[in-house]
Amino acid sequence: MASAMSEEFEKFRLKIRNFVEKELDPVSIKIEQDTKIPDKIVDQMRQLGLFGLSIPKEYGGLGLSTIEEITIYEEITRTNACHRSRIGTSNGIGSMGILYDGTEEQKRKYLPRIAAGEWTAAFALTEPDAGSDAANISTSAVLKDDHWVLNGTKQFITNADTARVFTVIAVTDEQKRARGGVSAFIVEQGMPGLSIGSADLKMGLKGSHTNEVVFKDCQVPKENIIGGMEKVGEGFKTAMSVLDKGRLSMGACALGAAQKIMELCIEKIKNKIIEGLQKKEIQAIQFDLADMGIQIYAARQMLYNTASLRDHGGNITAEASMVKVFCTEMASRIAEKAIDIFEMDGCLTSNQIEILLRDVRLYRIYEGTSEIQRIIIARNLLKK
Amino acid sequence: MASAMSEEFEKFRLKIRNFVEKELDPVSIKIEQDTKIPDKIVDQMRQLGLFGLSIPKEYGGLGLSTIEEITIYEEITRTNACHRSRIGTSNGIGSMGILYDGTEEQKRKYLPRIAAGEWTAAFALTEPDAGSDAANISTSAVLKDDHWVLNGTKQFITNADTARVFTVIAVTDEQKRARGGVSAFIVEQGMPGLSIGSADLKMGLKGSHTNEVVFKDCQVPKENIIGGMEKVGEGFKTAMSVLDKGRLSMGACALGAAQKIMELCIEKIKNKIIEGLQKKEIQAIQFDLADMGIQIYAARQMLYNTASLRDHGGNITAEASMVKVFCTEMASRIAEKAIDIFEMDGCLTSNQIEILLRDVRLYRIYEGTSEIQRIIIARNLLKK
Amino acid sequence: MNFELNKEQKQIKKAVKDFVKGEFKKDIIHELIENKAYPAKILNKASELGFLGIHFPEQYGGEALSVFEKILIAEELAIGSSTVGACVSLAGYGTEILLQYGSEKQKKIWLPKVADAEILSSCAFTEPGIGNNIELSQTTAVKDGNSWLINGRKAFAVNGGPLAGFYIVLCKTDSEAGNPEQGLSTMLVEADCQGVSAVDIGNRLGHKLLFISNIEFNNVRIPLENLIGQEHKGYSQVMEFFNHSRLVIAALSVGTAQGAFDRAFAHVKQREQFGQKLIDFQITRHKLAEMITEIENARLMTWQGALACEKGSTNTKLCSMAKLVATRTAMKVCDHALQLLGGYGYVQEYEVEGFYRDAKMSEILEGNQHVQKDVIADTITGKR
Amino acid sequence: MNFELNKEQKQIKKAVKDFVKGEFKKDIIHELIENKAYPAKILNKASELGFLGIHFPEQYGGEALSVFEKILIAEELAIGSSTVGACVSLAGYGTEILLQYGSEKQKKIWLPKVADAEILSSCAFTEPGIGNNIELSQTTAVKDGNSWLINGRKAFAVNGGPLAGFYIVLCKTDSEAGNPEQGLSTMLVEADCQGVSAVDIGNRLGHKLLFISNIEFNNVRIPLENLIGQEHKGYSQVMEFFNHSRLVIAALSVGTAQGAFDRAFAHVKQREQFGQKLIDFQITRHKLAEMITEIENARLMTWQGALACEKGSTNTKLCSMAKLVATRTAMKVCDHALQLLGGYGYVQEYEVEGFYRDAKMSEILEGNQHVQKDVIADTITGKR
């Protein structure tokens, strides 16, 4: 599958791999301490075009296909996951709503800035009482003269502290709610009534932040509804439509991390063999390694196949959920086994394995928990 | 992947699916009692060309590619596994040695008869003291005038009781053994000194038999060494070369069974919903169903990708082992879960699920246990 | 706290072990299975040794020991043969209902016959299509003068058939009950009553020596005094009984696991591959460690459940936990054992395949894992 | 047989529970972690309540209770906080070696200080690069006049650092020993001896309040009498000690699992999604059932191991089984708990992420699962 990619893209992919090894890996432990990605790194990511991977070329992005985009995620998650997270919302849930459903004017205004990494985009859907149950949000938007007035609190909003523009999902018709009463808004940082809370103290992804985002009589221009006034009430559809690809992305991130973990384990096992130590222990961990190889191979094939299906216009709702569950759960299993192989060394933050274990655990929650994915999958299987 | 197949092949595939549903499914329970496939069914299989799936057209077979062949296995294992087993050795380990390494004369003599289903081919490698450790066989072949004299006992030989021709692996140089001292012979039923023991009483595949095969001063014409006298000592290579595809085949068989089991579960769950019974129990089994879907999707993608890789000439040693482990272990997991979903009904032999559970358990042992596969996989990963 | 068997318990264990050694012959058992015959001779000897109804009071033919001794015997029997072990341990199936709720007359008449292996005690709870939801039973018992008139069809009655002396039948006695659980009663129906007919469920996955039948009650007339305990209390009686029967299945499963382990252990100690005893491979050793640890685990859980019963009442949570853990353990251990035997694991002669099949069927008997989890969750959330 | 706590044990459990409730404040603990401070205040209070060295004889400042009470306390402490629980329970790390093998003088001097929380007791066994294979220790102790001269580097010394009063150091005393296990001795090295230096291992996955250090011994001179027990018996002393320390980790892990369960249980009881409390979803209920069953399991295994110790010696097999089962259970339960909390599971404030990290680290401490399986297999094959 990967072999079908263009030579030009292959070059880009190698450039990113090089960037990861030369620039990102060395700052990983520092980021754990500082809980911040160095500005220099963000600049480099901008220059590489990493904020606009899938935004079409006409809007200043790289215009990558799905399979190309996920391949880049695989590369960039071979290190501390915060980097992918930093570009993730601009490439995915933060900008895709505008791309899929926005007016031409909105696209022209926002996408080039997002693609350039000038404006980070974020996506505000989740609320304290509406996690998996997205249809239950209570943030409201009321039209008052030429402005929408937003009120409510969003939670766990990735990149809220660096975002210049938010895609915000809010209720515009309390009666209809998910069935035509929810709309998507473009809210810019600085609009009156928008405030960002302090960052959550998370288990992993220390360099990437999630925050509460509070709307208190927040004034948003009438035309900032995604797709314009004719799309009022279609926000839930917009929100859901950006999720399929998001699930593939999560799968790719988990896969990239898993692949990296396996490679580190291979090195570790080779060293154990060279050192002549622990020969008696070497068979069981080799079997663990074989299991890593098997799962990663399976994960990669299902991911690539699904991405390719999407690029060919297929409906991948069930498949994307399958990919997300399999890849993300696989990555946790592999990370846990890897710590065993590294023994106490694996518990040190100075070792990448320790960071990766904590990072990958997020993927089973983020952008739809494994449980929600299984509900979607079962529903689809029973439909047949 | 499957979509890339020719229309002609698609027709054939559907014909086989139809054959499975109309002819094989109805006799499944009877086979469990009689421990024998009805002759009529074997005749039908002959007419469909099922004994020569991958034998080239020039030798009377269908000349299917790897991916096409495994697709057929997937179809034919959607029922009692004995049918696939009945054709398996002729398509695979029993004939491939002749095809890969045989002389033109050998090919012309045997392959058309095997392809036509006239002569069933079997493969005799395993011995009581050489299961996973194939290099440890003790059956010997000594050249005496114009005959090889074979002595030894082979075990668990599939289709031994119906085979007309055997590919037999024997030691021709006790010193060199696996390193050039093992040769592959074509032994025909009826050659003096060849006898077949009684059938093993197995847990599953009741309609397909394995037997002991005993060589007691068995006389085999000198020219019956596969590839002729210049291939003396290369039998181990021949034996190993037929295994890669065999592993993919096992994967496909497990996948076909798993797919069938899942479909039966879908029906069962739908019925439970319709009956309005056990609503309170319905969520957990739906999650089990989702897991079946996920695993089957992963298994299929890795299988197809590997088959396609093989068709394009790639080395698939590690991948084939990965496919075999994943698919066969997955099928056991799914079968076990399915029995839970069917509750006591699932324990009745009159229910296909019960038969499938016992059948699929073999695949984790047959043609290289999961443990041997993991050793191969780990070795390959550590080579990189 | 003290996890040790007392002297008497050790003696009982030893007595059962000796009995098993003397009476449980592999070939005889396979012959019984082949001929679909009941192990009546073994049952009689078990009775002579006092193993049946060991927890019955002396006046009813028992030894006045406790549930703990009962399950100790079950475990030890199953080590010898999971199939015969189930027959002997379940010969008094349902007698706990008589013991706890039956009239003096009912107990006087029937319990000694069970202890003496004169008859088997059978229960008819579930019905076609209702699975574990026995509250949905449709079989009716209607008062008609001095008798109850019983009509309906029951499924999967353990011990149902030629050797059954009586059936404890769960009948609807109040079709108006808002909660169906409160409209059910248990009736003692003599097996030779007119209108009672039993049909064996036929070939099945495991426990092939156990009589399991579907029972039809066609205008069966029984005396009013054959009601067991209070009217409309049948459901809770049966639920209470399930705690007992789940413990028995748990104990049998511990024995099943131990039996499979013992055989696999013996095999790997003598079997050589790759120039090494199988037991010298780390991967084998780890599997054995895993198996024996899980068995220890399951045994403790089962003992804990049984000890809780000794205090006069059962502990629903602990009984379901024991059933869940022990049956799951048996499946895992048998699966490992089968794999450790390789090809031998798949053939009857080596016994492990039989343990595997019985283990899976035990997982389903008395409620599959979903049922046990429902029960456990109910107990911790105060619903039960 | 009796699986119940006696009255005194119940009182101890209650006392610990009260202590935890009064002293283990989430915010204070997070602050300690933030500031890399030791929970000294809590440790002092625990000492005042007699929780430290509870199994020491009274003349050494203990309560003369047994190992069972020790692990009961550990479990209860970890329910409150797996992090602080580990500090308190491991404050006397290694004192079992002194208790069992130390001289009267050694015990008189040091054990009361540990019981009074004046100092921490520390052990230096493993070394950089040797992992679990402590028989490969290269640190030497050489007799030089009236002293031992110690040189070498030790890794991952629990309690190593500013609060350590002394180190029990495993040293090579006979470099000629054919079997390296027979050339090792344990030495008591006071922490303020010249030439001893400790460096904290730095940020790590879990157990962030525990001091763990790498220790260098540079020409450290100690009196001859500081040899603990017999010369060259160090390896077996440490192995015997590991049985104790594995039980403590097992008990902590049971508490860790219970602590995570309690928090998840509280969460799902109040959290609503899709118009229903989470606890009313079958899938949630089944997860809870699974978790609580596994915890019960792990607790019984741990208790069994501890009871076996009460008889004066330890049971290696049962201790390793307890460690294996309990730490694995903690990981599984914490992982489920984290998932049940969704996004909240990933942030510090809800505590579960901390339990998860500590659980994984506990799996590695005192030998990962491979080590435990090696040990268990050795015991059943007579190698240990």
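Hydrogens, waters and symmetry mates are skipped; everything else that's a heavy atom, side chains included, is used. Proteins come first, then strands; the chains are lettered A, B, ... in the order of their sequence lines, and each starts at number 1. Every value quoted in this text rests on a predicted model; they were computed, and no experiment measured them.
- When every heavy atom of C:W303 is checked against every heavy atom of D:M1, the shortest pair comes out as CE3-SD, 3.3 Å.
- At a 4.5 Å heavy-atom cutoff, the contact between C:N297 and chain D is made by backbone and side-chain atoms alike.
- Here the side chains of C:R285 and D:K373 are not in contact, with every heavy-atom distance at 4.5 Å or above.
- Within the 4.5 Å cutoff, the side chain of C:T293 has heavy atoms near those of the D:M301 side chain.
- Between the CD atom of D:Q304 and the CG atom of C:N2 there is a distance of 11.0 Å, given to the nearest 0.5 Å.
- Between atom CD1 of residue C:I279 and atom NZ of residue D:K383 there is a gap of 8.0 Å, rounded to the nearest 0.5 Å.
- Proximity of D:F261 to C:I380: side-chain heavy atoms (C-beta onward) are separated by under 4.5 Å at one or more points.
- Residue C:A289 comes nearest to D:A377 through the heavy atom pair CB-N, 4.1 Å, listed as atom of the first residue, atom of the second, then distance.
- For D:Q369, no part lies near chain C; criterion is any non-hydrogen pair under 4.5 Å.
- When D:L324, D:D378, D:N6, D:T379 are compared by the number of non-hydrogen pairs under 4.5 Å with chain C, D:D378 comes out ahead.
- For a residue to count as touching a neighbouring chain, one of its non-hydrogen atoms must lie under 4.5 Å from one of that chain's; by this rule C:R328 touches chain D with the side chain only.
- Taking chain D as the reference chain and counting heavy-atom pairs below 4.5 Å, the highest number among C:V325, C:L288, C:T284 is found for C:V325.
- Atom NZ of D:K277 is surrounded by more than 12 heavy atoms from other residues, nucleotides or ligands within 6.0 Å.
- Contact count versus chain D (heavy atoms, under 4.5 Å) is highest, among C:L300, C:I376, C:T381, for C:L300.
- If you measure heavy-atom distances from C:Q372 to chain D, you find no contacts under 4.5 Å at all.
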